[in-house]
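See structure below.
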Amino acid sequence: MKELTYFNGEFVEPGAKVISIDDRGYLFGDAVYEVVRVVNGRCFALSYHQDRLYRSMREMDIPVKMTPDDLMELHEILIEQSEIKDGYIYVQISRGVAPRRHAYDRSKLEPQMLMSIRTLDMEEVAKLGEGVKAISLPDERWGHVDIKTTNLIPNILAQTKAEKKFAYTAILFRDDICTEGATSNVFAVKDGILYTHPADHRILKGITRQMIITRIAPSLGITLIEKEFDSEFVKNADELFFTDTIGGVIPIIKLDKDAVSGGTPGVITLRLREGLEKLMEEGLA
Ligand code: PMP
């Protein structure tokens, strides 16, 4: 088993100095990315991640140079050559290399593609099922966080603040509305009904979120409502959880100073976590 890095068409050594200092991804965070889970040696929900990646590129006006089939094949090659069974693949496409200037000239830029495959500590992932602590922080991001760009400064600052307080991550609030987590989506359970922020430009339309909404919750007969809810609603929720590609469904058992669902993972949350794990074992293209 070997972690691998691939840059612009070839494998490179980990930490290789291959990126130009004039790469706009490096200078401006002018790049898009995806993180895909590898489960039992197969990508989980890769077609969903690719759809989101291509959408991010369209929204960012980054030309698409690779067909979805070729990109899919590259994922397979990385898995095959690395022999990694449980891990994740990171893909990043920057706008290209040019002397530093804010405005870009699309015709003169060649997008730069980085891919890497890494192992995951599955014990750590399993431990998330026991529940995590979160803190509340203001959502200070720009108005288009539906585009998955590497320009993540507010997320980075929020995540660091959370970790300094020994929290797993932060729940973000914009004008008192709960948008999402610093690195994940947020769901609340109240009176047996599941709530999450609508997929507009104020949240990232998480793939795990989509799995919960379109597959797991319906299969368990759990009603889901996509609507805005405020900090008071969060405070009074019966259960709270995060979703993301790496951790799946992550129960929140403490928010700021208060215990959530009695300080243990909620029953509905755990059913959803189990449902997602089952789907991941079965696999999904
Ligand atoms: N929101 C944000 C801000 C994220 O960074 C992520 C991914 N880490 C998510 C939501 C969850 O998305 P996904 O389920 O596709 O990993």
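Position 1 is the first residue of the sequence, and the numbers go up from there.
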Requested in this report: With side chain to side chain contact (heavy atoms under 4.5 Å, CB included) as the test, would you mind laying out the steps for Cys178 and Val186 before giving the verdict?
Outcome: CA-CA 8 Å; Cys178 168; Val186 173; 3.8 Å; yes

Query raised in the report: How far apart are the C-alpha atoms of Glu282 and Arg42, what are their side-chain angles, what is the distance that settles it, and do they pass the salt bridge (Lys or Arg N to Asp or Glu O under 4.0 Å) test?
Result: CA-CA 10 Å; Glu282 285 165 16; Arg42 282 180 307 178; over 6 Å; no

Requested in this report: In sequence, state the C-alpha distance, the side-chain angles, and the governing distance for Leu128 and Tyr168, and then conclude on side chain to side chain contact (heavy atoms under 4.5 Å, CB included).
Outcome: CA-CA 9 Å; Leu128 293 174; Tyr168 173 70; 3.5 Å; yes

Query raised in the report: Yes or no on side-chain hydrogen bond (donor to acceptor under 3.5 Å, both in side chains) for Thr67 and Asp69, after CA distance, side-chain angles and deciding distance?
Result: CA-CA 5 Å; Thr67 66; Asp69 280 352; 5.5 Å; no

Query raised in the report: Which is it for Thr5 and Phe11 under the side chain to side chain contact (heavy atoms under 4.5 Å, CB included) test, yes or no, and what are the steps along the way?
Result: CA-CA 6 Å; Thr5 305; Phe11 286 102; over 6 Å; no

Report task. Would you check, one step at a time, whether the test salt bridge (Lys or Arg N to Asp or Glu O under 4.0 Å) holds for Glu274 with Lys278? Result -> CA-CA 6 Å; Glu274 250 172 55; Lys278 216 169 113 211; over 6 Å; no

Requested in this report: Please lay out, stage by stage, how Gln92 and Thr150 fare under the test side-chain hydrogen bond (donor to acceptor under 3.5 Å, both in side chains).
Outcome: CA-CA 8 Å; Gln92 173 178 320; Thr150 61; 5.1 Å; no

Requested in this report: Check step by step if salt bridge (Lys or Arg N to Asp or Glu O under 4.0 Å) holds for Lys65 and Glu110.
Outcome: CA-CA 9 Å; Lys65 297 284 167 110; Glu110 195 58 43; 3.4 Å; yes

Requested in this report: Evaluate the side chain to side chain contact (heavy atoms under 4.5 Å, CB included) criterion for residues His49 and Val35: first the C-alpha distance (whole Å), next the side-chain angles of each, then the deciding distance (0.1 Å), finally the verdict.
Outcome: CA-CA 8 Å; His49 286 278; Val35 178; 5.8 Å; no

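Applying the salt bridge (charged side-chain N to carboxylate O under 4.0 Å, His left out) test between Arg174 and each of Asp200, Asp139, Asp230 identifies Asp139 as the sole match. Partner Phe241 forms a side-chain contact (heavy atoms from CB on, under 4.5 Å) with one of Asn185, Val249, Val132, Ile250 and no other, that one being Val249. The only member of Leu240, Thr269, Leu272, Leu224 that meets side-chain contact (heavy atoms from CB on, under 4.5 Å) when paired with Phe187 is Leu224. Across Arg52, Arg55, Arg209, Arg202, a single residue satisfies salt bridge (charged side-chain N to carboxylate O under 4.0 Å, His left out) together with Asp146, and that is Arg55.
Between Thr119 atom OG1 and Lys2 atom NZ the span is 13.0 Å, to the nearest 0.5 Å. Arg118 CZ to Leu78 CG: the interatomic distance, rounded to the nearest 0.5 Å, is 10.0 Å. Rounded to the nearest 0.5 angstrom, Leu4 CG and Ile117 CD1 are separated by 7.0 Å. Note that CD1 of Ile93 is 10.5 Å distant from CD of Gln112, once rounded to the nearest 0.5 Å. Taking CD from Glu228 and CG from Asp176, the interatomic distance works out to 11.0 Å, rounded to the nearest 0.5 Å. In this structure, the separation between NZ on Lys205 and NE2 on His197 is 14.0 Å, given to the nearest 0.5 Å.
Met113 places a side-chain heavy atom less than 4.5 Å from the side chain of Leu74. For the pair Phe44 and Leu284, the minimum side-chain heavy-atom distance is below 4.5 Å. Taking 4.5 Å as the limit, some side-chain heavy atom of Ile268 sits within range of a side-chain heavy atom of Glu239. Two residues are said to be in side-chain contact when any heavy atoms from C-beta on lie closer than 4.5 Å; Arg141 and Thr179 meet this criterion. Considering only heavy atoms from C-beta on, Lys148 stays 4.5 Å or farther from Leu53 through its side chain. Looking at Phe242 and Ile171, their side chains come closer than 4.5 Å, going by heavy atoms from C-beta outward. Side-chain contact between Pro265 and Leu270: present, with at least one pair of heavy atoms (C-beta onward) separated by less than 4.5 Å. Within the 4.5 Å cutoff, no side-chain heavy atoms of Lys85 are placed close to those of Asn40.
The closest donor-acceptor contact from the side chain of Asp23 to the backbone of Val97 lies at 3.5 Å or more, if one exists at all. A donor-acceptor pair is defined here as one N or O able to donate and one able to accept, closer than 3.5 Å; such a pair exists between the side chain of Ser47 and the backbone of Ala285. A distance-only check finds no donor-acceptor pair linking the side chain of Glu34 to the backbone of Gln50 [under 3.5 Å].
With sequence neighbours left out, Phe28 forms a ring-ring contact (aromatic ring centres under 6.0 Å, His included) with His102.
A continuous path of ILVMFWY side-chain contacts below 4.5 Å connects Met1 to Ile79, so both sit in one hydrophobic cluster. Neither Leu114 nor Tyr6 shares a network with the other; the hydrophobic side chains, linked directly or stepwise wherever heavy atoms of I, L, V, M, F, W or Y lie under 4.5 Å apart, form separate groups for each. In the hydrophobic clustering of this structure, Ile89 does not group with Met122; members are Ile, Leu, Val, Met, Phe, Trp, Tyr whose side-chain heavy atoms approach within less than 4.5 Å, directly or through other members. Linking Ile, Leu, Val, Met, Phe, Trp and Tyr whenever their side-chain heavy atoms come within less than 4.5 Å puts Val91 and Ile147 in one cluster. Residue Leu137 is not grouped with residue Ile153 when hydrophobic side chains (ILVMFWY) are merged at heavy-atom distances under 4.5 angstrom, including chains of intermediate members.
Atom CD of Glu59 has more than 12 neighbouring heavy atoms from other residues, nucleotides or ligands inside a 6.0 Å radius. In Arg106, the CZ atom is crowded: over 12 heavy atoms of neighbouring residues, nucleotides or ligands sit closer than 6.0 Å. Around OH of Tyr26, the count of heavy atoms belonging to other residues, nucleotides or ligands within 6.0 Å does not exceed 12.
Tyr195 has its ring centre less than 6.0 Å from the ring centre of Phe233. Centroid-to-centroid, the aromatic rings of Tyr90 and Tyr33 come within less than 6.0 Å.
When all heavy atoms of Phe173 and Ser231 are compared, the closest pair comes out as CE2-CA, 3.6 Å. Scanning all heavy atoms of the two residues, the minimum distance from Ile252 to Ala134 falls at CG2-CB, 4.1 Å. In terms of heavy-atom proximity, Ala158 sits nearest to Leu172 at CB-CD2, 4.1 Å. The minimum heavy-atom distance between Arg95 and Arg24, with the atom names listed, is CD-NE, 3.8 Å. Across all non-hydrogen atoms, the minimal contact from Asn8 to Pro111 is OD1-O, 4.3 Å. The two residues Ala45 and Met211 come nearest to each other via the heavy atoms CB-CE, 4.0 Å.
A side-chain donor-acceptor contact under 3.5 Å links Ser107 and Asp105. At a cut-off of 3.5 Å, with distance as the only test, no side-chain donor of Asp30 or Tyr104 sits close to an acceptor on the other residue. Neither side chain, Ser82 nor Glu3, offers a donor N or O lying under 3.5 Å from an acceptor on the other. Neither side chain, Asp244 nor Thr208, offers a donor N or O lying under 3.5 Å from an acceptor on the other.
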